[in-house]
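Some notes on the structure that comes next.
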Protein chains: 2
Amino acid sequence: MSDSPLENLIDHFKQYLPLEEEEILALKSRITERKIKRRQFLLQEGDVCKYFSYVQSGCFKMYSVDEKGFEHNLAFASEDDWISDIGSLHKEIPSKLYIEAIEPAVVLQISKGDLWYLYTNFPKFDRNFRVIIEDKFIALQERLLQTFSSTALERYESFIKQYPQLANRLPSTQIASYLGVTPEFLSRIKNESLRK
Amino acid sequence: MSDSPLENLIDHFKQYLPLEEEEILALKSRITERKIKRRQFLLQEGDVCKYFSYVQSGCFKMYSVDEKGFEHNLAFASEDDWISDIGSLHKEIPSKLYIEAIEPAVVLQISKGDLWYLYTNFPKFDRNFRVIIEDKFIALQERLLQTFSSTALERYESFIKQYPQLANRLPSTQIASYLGVTPEFLSRIKNESLRK
DNA sequence: CGCTACCCTTAAACTAGTTTAAGGGTATTT
DNA sequence: AAATACCCTTAAACTAGTTTAAGGGTAGCG
């Protein structure tokens, strides 16, 4: 009904402990909406990460670049997801990561200071972000496990199952980088999996 | 001074928001101390994980077993660390993991129900566990990155730097499984790195 | 329109890491 | 004291995934 720019974010919190009116107001006054173009960066290596960003629309990748110049995708974030280099944000140290828009996007950003304010004054945010992070931790652990115990083909197939929307939206190059293989090898894998 | 069995745990929380007397009492009445023998399990595949465990002494490994019967170490936990299959604990689903003592150990355990009680009645626990999980998330992300962008030798060397105590305490087999290589290959690596 | 920049594929040569097999050392159990 | 179970190493054959190179497709842009 309302077309408040926070509508999606407020709904997002309903999965956890839903926000009361005063929490919504406190949140609202501390959030900045930003439109981001394709290929624009939310974060670049060497900078300190300043924001926790909620993705309202569009899609991002977070990656590092190794000494040889190759990119390694750590995470994608699309609608209704969060993205940030938490380590850099918390410890205020330069990041080793990039966060870049793969598609034009709209994000809602909270600065570290404002996030701390919310944590201190409204314990519900501690709770909600604890659960959000726990879910991310669980997913990351599952992924690390897969990296150790599955072949590239198995990892590809389970990526497709888990993120069917992303599988169509993203170029194969990006998926290969997320799976930890070269685009050439991913191409071979896809071919073999068809011939079965 | 005090030899209360919770001394270490109370000190542990001093890194974050230190506990007040009433929080300590609430915690104390909800914690169970258990002595664990070498090779004894805190969790086995198929069981629902019931506890969040604080390691007071000794050392554990958390691992999965693949279809071929190989173990893959996801994490070690020694003194002053936490261990649990958070996914299984939260969602009350059967775990795919094992948690096994590598050395005789003493743990302080909190059940899910008691943890929920503490979260609801003392927001400080939400805060403290949020930060604990965030730190674990950061470390896990770093490790995944390394898995993608470094050779086994580089990963071995940074494991040694990061956990010098564990490097001496643990058999190489266990370290190999944590690094995601075979014990045979780790042995070759160590040899080559000496000859330089 | 033609140009440039991506993106995807194929294939051959290569390499990091596995598999299999064997032998020796040293705790732990009997 | 012998037996069993781990643990570590070496080495040769193998394989999953990389590297390099080349060609073709297509979308955005001057």
Side-chain angles (χ1 to χ4, degrees), chain A residues 37-40 59 61 63 65-73 76 98 100-104 144 146-160 166-196, chain B residues 37-40 59 61 63 65-73 76 98 100-104 144 146-160 166-196:
Chain A
K37 292 183 193 152
R38 194 168 120 92
R39 305 222 171 160
Q40 192 179 339
C59 186
K61 58 177 172 176
Y63 60 94
V65 177
D66 67 24
E67 330 77 65
K68 290 178 196 155
F70 289 110
E71 295 180 9
H72 303 278
N73 285 345
F76 298 118
Y98 297 80
E100 181 186 340
I102 308 183
E103 300 171 0
L144 185 65
Q146 264 223 337
T147 304
F148 284 158
S149 59
S150 308
T151 64
L153 174 58
E154 290 165 333
R155 277 178 277 146
Y156 174 65
E157 284 169 345
S158 74
F159 175 80
I160 300 288
L166 288 182
N168 296 325
R169 260 164 94 174
L170 298 175
S172 299
T173 348
Q174 296 305 321
I175 298 175
S177 165
Y178 180 90
L179 297 176
V181 296
T182 58
E184 290 83 0
F185 190 59
L186 179 56
S187 178
R188 190 155 93 194
I189 282 171
K190 283 157 85 175
N191 222 307
E192 280 163 14
S193 94
L194 284 180
R195 281 183 211 162
K196 299 190 306 194
Chain B
K37 293 182 191 150
R38 196 168 118 91
R39 302 221 176 163
Q40 191 178 339
C59 185
K61 59 179 172 175
Y63 60 94
V65 177
D66 67 24
E67 329 79 64
K68 290 177 196 156
F70 290 111
E71 295 181 9
H72 303 277
N73 285 344
F76 298 118
Y98 297 81
E100 181 186 339
I102 308 183
E103 301 171 0
L144 185 65
Q146 264 223 336
T147 304
F148 284 158
S149 58
S150 307
T151 64
L153 174 59
E154 290 165 334
R155 276 178 279 146
Y156 174 66
E157 284 170 346
S158 74
F159 174 81
I160 300 288
L166 287 182
N168 297 325
R169 262 163 94 175
L170 299 174
S172 298
T173 349
Q174 296 305 321
I175 297 175
S177 166
Y178 180 89
L179 296 176
V181 296
T182 57
E184 291 82 0
F185 190 59
L186 178 57
S187 176
R188 189 155 93 196
I189 281 171
K190 283 157 85 175
N191 220 309
E192 281 164 13
S193 94
L194 284 180
R195 280 184 210 161
K196 299 192 304 196

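Computed from a prediction, not measured in an experiment: that's the story for all the values here. Note on naming: letters A, B, ... go to the chains in the order of the sequence lines (proteins, then strands), and numbering restarts at 1 for each one. Hydrogens, waters and symmetry mates play no part in the numbers below; they use all other heavy atoms, side chains included.
From His72(A), atom NE2 reaches atom OG of Ser149(B) across 5.0 Å, with rounding to the nearest 0.5 Å. Taken from CG in Asp66(A) to CD in Gln146(B), the straight-line distance is 12.0 Å, to the nearest 0.5 Å. To the nearest 0.5 Å, atoms CG (Leu170(A)) and CZ (Phe76(A)) are separated by 5.0 Å. Remark: Gln174(A) CD to Ile102(A) CD1 distance equals 5.0 Å, nearest 0.5 Å. Summarising the geometry, atom CG belonging to Leu153(A) is positioned 7.5 Å from atom CD belonging to Glu192(A); distances are rounded to the nearest 0.5 Å.
Atom C1' of nucleotide dC8(C) and atom NZ of Lys190(A) are separated by 8 Å, given to the nearest angstrom. Rounded to an integer number of Å, the gap from Glu192(B) CD to dG17(C) P is 10 Å. In this structure, the CD atom of Gln174(B) is 7 Å from the P atom of dC7(D), given to the nearest Å. A straight line from OH of Tyr156(B) to C1' of dC8(D) spans 12 Å, rounded to a whole angstrom. To the nearest angstrom, P of dC6(C) lies 11 Å from CD of Glu100(A). Atom CG of Leu170(A) is separated from atom P of dC6(C) by 17 Å (rounded to the nearest Å). When the C1' atom of dA16(C) is taken as reference, atom CZ of Phe148(A) falls 16 Å away, rounded to whole Å. Look at CD on Glu71(A): it is 10 Å from P on dC7(C), rounded to the nearest Å.
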Shorter than 3.5 Å, N or O on both sides, protein versus nucleotides 18-23 of chain D: list them out with atom names.
| residue | atom | partner | partner atom | Å |
| --- | --- | --- | --- | --- |
| dT18(D) | OP2 | Thr182(A) | N | 3.1 |
| dT18(D) | OP2 | Thr182(A) | OG1 | 3.1 |

Tabulate atom names and distances for all N/O pairs under 3.5 angstrom spanning the protein and nucleotides 27-30 of chain C.
none

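With DNA chain C read from its 5' end, the first of the two nearest nucleotides for Ser187(A) and Arg155(B) is the one closest to Ser187(A).
Geometric assessment of Lys61(A) against the ring of Tyr63(A) yields a positive cation-pi assignment under the 6.0 Å and 45° thresholds.
Ring planes of Tyr178(B) and Phe159(B): tilted class, angle from 30 to 60°.
Checking the phosphate oxygens (OP1, OP2) of dT9(C), no side-chain nitrogen or oxygen of Asn191(A) falls inside 4.0 Å. Between dC6(C) and Thr173(A), no contact under 4.0 Å exists linking OP1 or OP2 to a side-chain N or O. Ser172(A) has no side-chain polar atom (N or O) that falls below the 4.0 Å cut-off from OP1 or OP2 of dC7(C).
Using a 4.0 Å cut-off between charged nitrogen and carboxylate oxygen, Glu103(A) and Arg169(A) count as a salt-bridge pair.
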side-chain hydrogen bond (donor to acceptor under 3.5 Å, both in side chains) between Lys190(B) and Ser172(B): does it pass, once the steps are laid out? CA-CA 10 Å; Lys190(B) 283 157 85 175; Ser172(B) 298; 2.7 Å; yes
